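Notes follow once the structure below has been shown.
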Amino acid sequence: MTDIIRLLPDHVANQIAAGEVIQRPASAVKELMENAIDAKATVIKLLIKDAGRTLVQVIDNGIGMSATDARMAFERHATSKIQKAEDLFRLQTKGFRGEALASIAAIAHIELQTKRPTDELGTEIRIEGSKFTYQEPCVCPEGTSIAMKNLFFNIPARRNFLKSDTVEMRHILDEFQRVALAHPAIHFYLFNNNNELFNLPPTNFRQRIVHLFGGKTNEKLVPIISEDTPVVKIGGFIVKPEFLPKSKSLQFLMVNHRFVKNQYLNHAIASAYEGLVHADQKPEYFLSLEVDPSTIDINIHPTKTEVKFEEEHSIYALLKSAVKHSLGQFNIAPTLDFSKDPTYDIPYQYKDREPEMPRISIDPTFNPFKEETYQRSSGDTSHKPASAFNYNYAKKAATWESLYNELPSSINFEEPEVVESSLFSDELATPQTKKIISLAKKYLVTTLGGDLIIINSNRAHQRVLYEGFMKSLENSHTASQQLMFPYELPFSKAELDTIKALKPLFENIGFIFNIAPDKIVISGIPMHITDSEIPNIFNELLQQHIEELPTTENSQKEAFAKALCKNLAIKTGQVLSDEEQESLVNNLFSCQEVLISPFGKRIYYNLSVGEIEKLI
Ligand code: ADP
Ligand code: MG
C-alpha cells in the first residue's frame with residue numbers, strides 16, 4: 001500500500017483557517033479595523049454595502065506597506081507584529097497571528113491599495129480566492145484601503161448560512177462600536193450603502209459613548225472612581241441602576257484597549273449591583289482595564305475576544321469593589337462631571353447653523369363638531385387629562401352587558417366547557433347594578449349573566465389598547481394632540497435610521513416629529529398618551545425593531561401595536577377608580593376578541609353557579 005497522508009495545498013488550508021477567523025462580514029470588519037489601528041491610523045473609514053455581503057472596505061491613513069510587504073501580508077502566519085514566542089507576552093498590538101488577511105483573501109475578492117508616507121507611488125493588488133490576479137504600482141493616498149467584495153463567493157454553503165441583512169448589519173454595528181469605544185482618540189466613520197451612519201471625531205471616552213449610543217446616555221453614566229493598583233487600573237463608566245433595561249444591555253469590557261468577553265468579570269460587576277436592581281435587570285457598563293501585557297493571555301481563541309488573567313481573583317475583587325464604590329458614591333451625592341467638555345452641549349453638526357423655525361403640523365381634516373372617534377368612556381366625568389387609560393375606541397359607549405350579549409357563541413378556546421356556561425341565561429333580561437370589585441390590584445371581579453367573572457386587568461387593557469392601535473394604524477387620519485413645547489429625544493445615527501424607516505407608522509398613530517441629525521423633535525403625540533410616556537414608547541419600539549425588523553407591512557403594524565400596548569397598559573398594582581374599572585370592562589367587551597390578550601394570554605375566567613355549587 002502507498003502512503004496516504006498529504007499536506008493540504010495552501011489555499012485549502014487558508015479556507016479552513018478562515019472558518020475560524022471569518023464567520024460573517026462582521027468578523028472581517030473587526031480584523032480590518034484592528035489592522036488599521038495597529039498601523040497607527042488616526043482616521044479610519046468603514047464602508048459597508050448590503051450588510052457586508054457585497055462590500056466591507058476599511059480605509060486608513062496609517063503607515064501603509066511596501067510593495068513586498070503588501071504581497072506578503074496575505075500569506076498565512078505573515079505578521080509584522082511578533083517575531084518570537086516571547087513577544088506574545090509583550091503585546092501592544094491587536095493582531096499577532098498573521099491569519100486575518102490570508103483568511104479573508106481565501107474566501108472573497110480583495111482589492112488593496114497601500115502607500116507608505118516615504119514612497120512616491122503606492123501598490124495595488126487584487127486577489128480572488130487566494131489567487132493574485134493583479135499587482136501594479138498605483139497613485140493613491142498615504143495609508144491603506146482594503147476592500148473585501150463578494151464574501152464567501154467560493155463557499156456557497158457558508159454564504160447561505162448568513163442571516164438577514166438586519167442581523168448581519170447588527171453584528172457589524174456591534175463590532176464597529178466595540179472598536180470605536182476602545183479608541184476614542186481615533187476619528188471613525190461608518191457608511192452603510194453610502195449613507196453616513198457615524199462620524200465620530202476624536203474625543204474623550206465619555207463623549208465617545210454618547211456619540212455612539214445617543215445623547216440620552218450621558219445622564220445615565222456614573223464614572224468609576226479610578227482604582228489604580230499594581231495589578232490593574234480600572235476606569236470607565238457604569239449605568240445608574242434606575243436606567244438598567246430588562247432586555248438587551250450594553251456591556252463593554254476593554255482590556256488594554258481590546259474588547260473582550262469575560263463571564264467571570266461580568267459576574268463581578270453584576271454582583272456589585274446586587275440589591276440595587278431587579279433580578280431580571282442586567283448591568284450596563286463601559287469599562288476599561290489596563291494590565292501588564294505579560295499577565296494576560298489573549299491567544300486562547302482565533303478571534304481574540306477571550307482573555308485569561310494571571311491574577312483573575314484579585315481583578316474580580318478589585319473590579320467588584322470599584323463598581324460598588326462608585327454606585328455608593330452616586331447614591332449619596334449627585335455626580336459632578338469634571339471631564340465634561342463644554343462643546344458637547346451643542347452637537348457638532350449644529351455648531352455654525354442658523355436655528356430652524358419650529359414647524360407646526362395641523363390636521364386639516366379635523367372637525368370639532370364631527371362625532372369623535374376617540375371619546376372618553378361613558379363613566380368618565382372627571383375631566384382628567386387624556387391618559388392611556390381613557391383610550392376608548394368604541395364608537396358608542398355601549399354597556400358591556402349588551403355587548404357581551406352580542407358575542408359570537410363560538411369562541412374557540414382550549415376549555416370550551418367554560419365558555420358554554422350560562423352566558424345567555426334569563427338573568428340577563430333583568431338588569432341590575434353591576435358592582436366591580438378590585439382584587440389584589442390585579443383582577444377585576446364582577447358578575448355577568450349569573451356567572452362570576454374574574455378579569456386580569458393588565459391583559460384586558462392590553463387588548464383594548466391593541467385593537468385601538470390597530471384601527472389607528474389602518475386609518476391614515478388619526479388625530480393627535482399638539483404639544484405646547486416641542487419634545488426632544490436624542491438618538492444615535494443608527495437609531496435615527498430605524499426611526500426614519502418607521503416614521504409612517506408613528507404618524508399613523510398620531511406622532512408628529514422632525515428628524516434632526518442627532519435627535520427627533522416631537523410636536524404632536526397621540527391623543528391618549530402623556531409626555532412622560534414618550535421616551536419609553538420610542539425606546540421599546542426601537543429595541544424591538546432593531547433586533548429584527550418584521551418584513552410584511554401587516555406584521556410591522558402588529559409588532560408596533562403590541563409594543564405600544566405593552567408599554568401603555570395599566571400594570572398590576574395600579575389602583576383604578578370606579579369609573580376606570582367600569583370603563584375598562586366596557587371597553588374590553590366591545591373588542592373584537594375578548595378572551596385572549598394580544599400576547600396570547602387568557603384575559604378573564606368565568607365561573608358558573610353550577611361550578612361554584614360543586615365547590616361549596
Ligand atoms: P496580524 O494583524 O495578525 O499581523 P493580518 O493578516 O491581519 O495579521 O495582517 C498581516 C500583516 O499585514 C500585518 O502584520 C501588517 O504588517 C500588515 N497590514 C495589514 N493591514 C494593514 C494596514 N491597514 N496598514 C498597514 N499594514 C497592514
Ligand atoms: Mg490583523
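Order of listing sets the numbers, starting from 1, for every ligand and every atom in it. Everything numeric here is computed off the predicted structure, so don't read it as measured data.
- Ring orientation note: the planes of Phe538 and Phe506 are close to parallel, at an angle under 30° on the 30°/60° scale.
- When the heavy-atom distances from atom 10 (C) of ligand 1 to Gly98, Ala78, Gly143, Ser145 are ranked, the shortest goes to Ala78.
- For the pair Glu495 and Lys216, the salt-bridge criterion is met [side-chain N within less than 4.0 Å of a carboxylate O].
- For atom 16 (O) of ligand 1, the nearest protein heavy atom (residue, atom name, distance) is Ser80 OG, 2.5 Å.
- Under 4.0 Å is where a charged nitrogen must lie from a carboxylate oxygen, and between Asp165 and Arg53 at least one such pair does.
- The distance from ligand 1 to the heavy atoms of Ala73 drops below 4.0 Å at these ligand atoms: 10 (C), 12 (O).
- Atoms of ligand 1 lying under 4.0 Å from at least one heavy atom of Gly95, given by number and element, are 2 (O), 3 (O).
- Counted by atom type alone, Gln113 and Thr123 present zero donor-acceptor pairs between their side chains at under 3.5 Å.
- Remark: minimum distance from atom 4 (O) of ligand 1 to any protein heavy atom is reached at Thr79 OG1, 2.6 Å.
- Contacts of Asp60 with ligand 1, taken as heavy-atom pairs under 4.0 Å, involve the side chain alone.
- Two rings, from Phe198 and Tyr189, have their centers 6.0 Å or more apart.
- No more than 12 heavy atoms of other residues, nucleotides or ligands shown are found within 6.0 angstrom of NZ on Lys149.
- Looking at Ala39 next to ligand 1, no N or O pair under 3.5 Å apart turns up.
- Protein heavy atom closest to atom 13 (C) of ligand 1, with residue, atom name and distance, is Lys81 CE, 3.7 Å.
- For the Mg ion (ligand 2), the nearby protein N/O/S atoms, meaning those under 2.8 Å, are Asn35 OD1.
- Partners of Glu488 according to the salt bridge (Lys or Arg N to Asp or Glu O under 4.0 Å) rule, which considers only residues two or more places apart in sequence or in another chain, are Lys519.
- Listed by atom number, the atoms of ligand 1 under 4.0 Å from Ala100 heavy atoms are 6 (O), 7 (O).
- Against a heavy-atom cut-off of under 4.0 Å, Arg97 is close to the following atoms of ligand 1: 3 (O).
- Close contacts of ligand 1 with Phe96, meaning ligand atoms under 4.0 Å from a residue heavy atom, involve 1 (P), 3 (O).
- Around atom 27 (C) of ligand 1, the closest heavy atom drawn from Glu34, Glu75, Glu99, Met65 belongs to Met65.
- Shown are Lys94, Lys81, Arg258; of these, the salt bridge (Lys or Arg N to Asp or Glu O under 4.0 Å) with Asp38 is made only by Lys81.
- Both the backbone and the side chain of Leu101 come within 4.0 Å of ligand 1, judged by heavy-atom distances.
- Remark: aromatic rings of Phe213 and Phe252 are close, center separation under 6.0 Å.
- Tyr316 has its ring centre less than 6.0 Å from the ring centre of Tyr264.
- Surrounding CZ of Phe161 are at most 12 heavy atoms belonging to other residues, nucleotides or ligands under 6.0 Å away.
- More than 12 heavy atoms of other residues, nucleotides or ligands sit less than 6.0 Å from atom CG of Leu8.
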